Amino acid sequence: MSNIRVRFAPSPTGPLHIGGVRTALYNYLFAKKMGGTFILRIEDTDQGRYVAGAEDYIIDSLKWFGLLPTEGPGIGGEHGPYRQSERKAMYGQYALQLVENGKAYFAFDTPEELDAKRQSEREKGNHNFRYDNVTRNEMKNSLTLSKEEVSRRLENGDAYTIRLNVPKDETVTFTDLVRGEVSFQTNELDDKVLLKADGMPTYHLANIVDDHLMEISHVIRGEEWLPSTAHHILLYQSFGWEDTRPQFAHLPLILKPVGNGKLSKRDGAKFNMPVFPLKWDAEKEEESFLGFREFGFIPAAAINFLAFLGWNPGTEQEIFSLDELCEAFSIENIGKSGARFDYDKAKWFNQQYIQATETKALGKMAMPFIAEKGFGTSEAYIASVCDLMRDRAVLLTDFAETGAYFFEEVQNYDDQNIVKRWDDDTKAAFNKTIDLVANMPEFDADSLESTIKSFIKDNGLKMGKIFPLIRIALAGTMKGPDVFKMIALLGRPGTIGRLRKAVEYFDTV
RNA sequence: GGCCCGUUCGUCUAGGGGUUAGGACGCCGCCCUUUCACGGCGGAAACACGGGUUCAAUUCCCGUACGGGCUACCA
């Protein structure tokens, strides 16, 4: 029985975008489904692109979604360290091993020389120069230089990289779990740099070495890696690790809501929607982002939405808890084509979750947004407001926004609808209603409803004229939940106060 | 440009050689209703195109078009 071990291996180059979260999610789901292990590995081999705080951000994001790894930096595990920068020492040995068995070679060409070469090729009309099994013959490397010259350069401390010695005239074929059989001609492949001049490995080397050492069984990653998978297969062959080579599954990309290309961080501002899990503060305003959390998403809802971007259970069920997702997940049901990011659908999922969340928990979820507005009240009251408003809420921010009147005085009255109804008769009825409410023996929604309704009926008044005015008096707007429930929640003093204040205001409209 | 991957309603997708091509979001209409919602019911809406293979193709094959990705001493 083989052990299922998968990893999520992001680079800490900035805030983790939502596509990365989905990759993490699919890895997590697969691991849980198979009773395997989900590992987090930080691929920080490019010190030039390292961004402080990015690693914490990745972990915080996974934590928020509930996608906790069982092995990783700060978590531990038997295959650590889980940060590639801390594994630096070992990669060079592996690269050297490849040089020794002829699967790789030293290359002394400097970046400047390479640039010059590309430039001169361009001038000759060749727009795609690559360092491959043909062009390497005219470059400076241990395949073209004499043994003595190579030793001399090495001893001299000349800068060098180690490149993969891609064989000629071969076909590399592998079975991708999502796409089926995929093959590449080695003559189309370049001799990828394995070890950089600074001694750090490139993604390709570090990835293969670590996946091997960490006993990864399945590599589930974005489609952008599909073209380089041929190199990775070659690397497994070169190391003699074919028997334990992981299986590959390349995920379709997440595309922009409209237009061409994949979803980018700029789309967040463009479409006023989140493309990151959590907020990210950068020095520059345009580099700072709000996340799904700040937009008012429930993490489980965001997860549910993300899971369905490129995967489906094969049934008509759409609402899945994380546990249900783990149970239902299978790689076979992952789609092949890119999926557009549909923000309306994301909001719909969140709405479904808001409706299904138990009242007390919903109150807790809405709490931060209510506190942010400076509305200080009790947990119980917030929960009651949330329960009353839940049918009208799509995002967690809605409670504090469209339900603001539950926490503060009415800020604006709907004048148009006041004018249509406010006259001497209604004013008289309105005032009598205030007395009625003030003297209610019971103050629950049902008693209020029957008492006020029968009063209106007995006096030959129109409900369509009085109720909207009461509503506006309490909330300022025509929109909102049942008036009697609002009255009950606002309480007697609160209701009477608003009603009295409204009478004064209505006269001025 | 080269290589690789893909293509079912506007969007996410189910399906698969013979189906009224199913669901969801969004949109429209009706119902419920003191408002707005929620909910219920209904509607418009898709197999990119051209060739094969086949009794039969949306489904299989090949092209084309379109879309996407890769093409760094970045991941």
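Below, read A as the first sequence line, B as the second, and so on, with proteins coming before strands; counting in each chain starts at 1. All values derive from a computational prediction rather than experimental measurement.
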| message | Using a heavy-atom cut-off of 4.0 Å across all strands, would you classify A/G310 as base, sugar-phosphate, or nothing? | response | sugar-phosphate
| request: Would you indicate what A/R471 reaches in the nucleic acid, counting non-hydrogen atoms under 4.0 angstrom: base, sugar-phosphate, or nothing? | output: base
| message | Just to be sure I understand the rule, does A/P481 reach a base, reach only the sugar-phosphate, or reach nothing, if contact means heavy atoms closer than 4.0 Å? | response | base
| task | Would you indicate what A/Y343 reaches in the nucleic acid, counting non-hydrogen atoms under 4.0 angstrom: base, sugar-phosphate, or nothing? | result | nothing
| message | Using whole Å, what does the distance between atom P of nucleotide B/rU13 and atom CZ of A/F341 come to? | response | 13 Å
| request: Can you tell me the distance, in whole Å, between the CZ atom of A/R392 and the P atom of B/rG39? | output: 12 Å
| said: What contact category does A/Q351 fall into here, base, sugar-phosphate, or nothing, at under 4.0 angstrom with non-hydrogen atoms? | reply: sugar-phosphate
| query | For every nucleotide of nucleotides 59-75 of chain B, 5' to 3': is a protein heavy atom under 4.0 Å from its base (B), only from its sugar-phosphate (S), or from neither (-)? | reply | --------SSBS--BBB
| First of A/G314 and A/F467 reached from the 5' end of RNA chain B, by closest nucleotide | A/G314
| message | By nearest heavy atom, map A/F184 and A/M478 onto RNA chain B; which one lands nearer the 5' end? | response | A/F184
| Considering the options A/R130, A/K168, A/K103, A/R136, which one meets the salt bridge (charged side-chain N to carboxylate O under 4.0 Å, His left out) requirement together with A/D191? | A/R136
| So what does A/V483 touch, heavy atoms closer than 4.0 Å: a base, only the sugar-phosphate, or nothing? | base
| task | Measure from the side chain of A/E188, starting at C-beta and using heavy atoms only, and say which of B/rA24, B/rG2, B/rU13 lies closest. | result | B/rG2
